[in-house]
Amino acid sequence: MEEQVNEPLARYTTLRIGGPAGHLYQPHTAEELTTIVSRLQQASEPWHILGGGSNLLVSSRGVSGSVIRTAQLIEMKQLDSNLVEASAGVRLPHLARFAASLGLAGLEFSVGIPGTVGGAVVMNAGAHGGCMADVIESVLVYDALKNSLITLNKDDLTFSYRRSTIDPSRQVVISARLKLHSDAPDKIETRIKANEEYRLKTQPIGFPNAGSTFVNPEPKRGAGFLLDQAGAKGMACGQAAVSTLHANFVINLGQATSQDATDLLKRMQDLVYKTYSLSLHPEWKTLGEFTEADLTPWK
């Protein structure tokens with residue numbers, strides 16, 4: 001297991017923002033992961049889980065305590081004809097491709113989502129009309145308070161829009177089992193390519209970003225549409241800017257700080273509220289040392 005002291009986290013986030021972690025652990029097996037979480041929990045030391053680093057804003061001031069990055073847990077295997085198991089650190093595009101190679105459909109929606117299985121389960125990640133709740137059969141988690149491994153079935157997770165009942169402060173996703181269905185490989189590939197092409201055309205792939213910034217407040221009027229119509233494209237605070245390609249994406253122009261990002265989110269929210277009297281809520285999670293003022297967009 002890799003351990004680093006005062007390691008800057010920017011390189012581990014898709015937005016490329018983040019100060020140092022007191023300790024950064026990168027376990028390679030489920031056993032290493034549970035061992036380090038158990039040790040920290042028993043020592044009453046603060047710990048945080050980091051997956052693929054998407055959908056996340058890490059404070060430029062850093063993170064106190066220990067950060068445990070699960071991105072090295074990348075095992076994927078087929079358990080039976082329609083059942084696949086993937087470890088927490090597996091990237092969703094890789095998993096979608098793996099399933100496709102087996103002639104299994106159901107994960108095509110995820111091919112453009114840059115996150116990992118662990119975070120995708122916790123947040124019920126989705127796109128193109130599909131989401132993790134559609135394919136999850138069960139999830140293996142380590143409960144730090146009980147110091148035990150627990151299998152949660154789909155019904156236990158109570159999935160809703162971008163939510164599950166997994167508590168990241170105590171429950172660590174180890175792996176997930178996904179129930180898929182057989183389909184012709186050429187049909188699966190066609191859907192994968194269509195989703196990849198849509199992402200390339202509509203999302204700012206060339207700049208660091210954390211994915212969609214705000215949750216859609218209404219099914220028929222997405223956050224991107226509202227921000228676009230309100231004139232948010234191109235708005236900037238410091239080195240953080242609203243993409244001119246998709247208004248619900250904040251991009252890092254090069255040296256953006258978490259302060260730049262939180263200031264920009266506030267301005268975006270204010271603009272939409274002034275225009276539509278609708279409140280936008282961030283889809284991003286936060287990690288690290290933020291002031292109460294910094295966290296205003298999440299209140």
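All figures in this text were calculated on a predicted structure; none of them were measured in a lab. Hydrogens, waters and symmetry mates are skipped; everything else that's a heavy atom, side chains included, is used.
- Here the straight-line distance linking atom CH2 of W298 with atom CG of L57 works out to 5.0 Å at 0.5 Å rounding.
- Among pairs with a residue in residues 159-186, none fulfils ring pair (Phe, Tyr, Trp, His ring centres under 6.0 Å), at least two apart in sequence or across chains.
- Contact of the Q239 side chain with the T257 side chain is not registered, since no non-hydrogen atoms from C-beta on lie closer than 4.5 Å.
- At distances below 3.5 Å, not a single donor-acceptor pair connects side-chain atoms of N6 with backbone N or O atoms of P20.
- Shown here are the ring-ring contact (aromatic ring centres under 6.0 Å, His included) partners of F249, two or more places apart in sequence or in another chain: H246.
- Between the side chain of Q78 and the main chain of S81, a donor-acceptor pair closer than 3.5 Å is present.
- The CD1 atom of I74 sits 7.0 Å away from the CD atom of Q72 when rounded to the nearest 0.5 Å.
- Under the rule for a salt bridge (charged side-chain N to carboxylate O under 4.0 Å, His left out), E289 has no partner lying at least two apart in sequence or in another chain.
- Side-chain contact annotation: Y276 with Q229, donor-acceptor N/O pair under 3.5 Å absent.
- For R177, the salt bridge (charged side-chain N to carboxylate O under 4.0 Å, His left out) test picks out E85, with sequence neighbours left out.
- Evaluation of the salt bridge (charged side-chain N to carboxylate O under 4.0 Å, His left out) rule for R16 yields no partner, not counting sequence neighbours.
- E7 and L24 get closest at one heavy-atom pair: CG-CD2, 3.6 Å.
- A side-chain contact (heavy atoms from CB on, under 4.5 Å) with Y25 holds for exactly one of I36, L50, V67; it is I36.
- Residues forming a ring-ring contact (aromatic ring centres under 6.0 Å, His included) with Y198 (at least two apart in sequence, or on another chain): H128.
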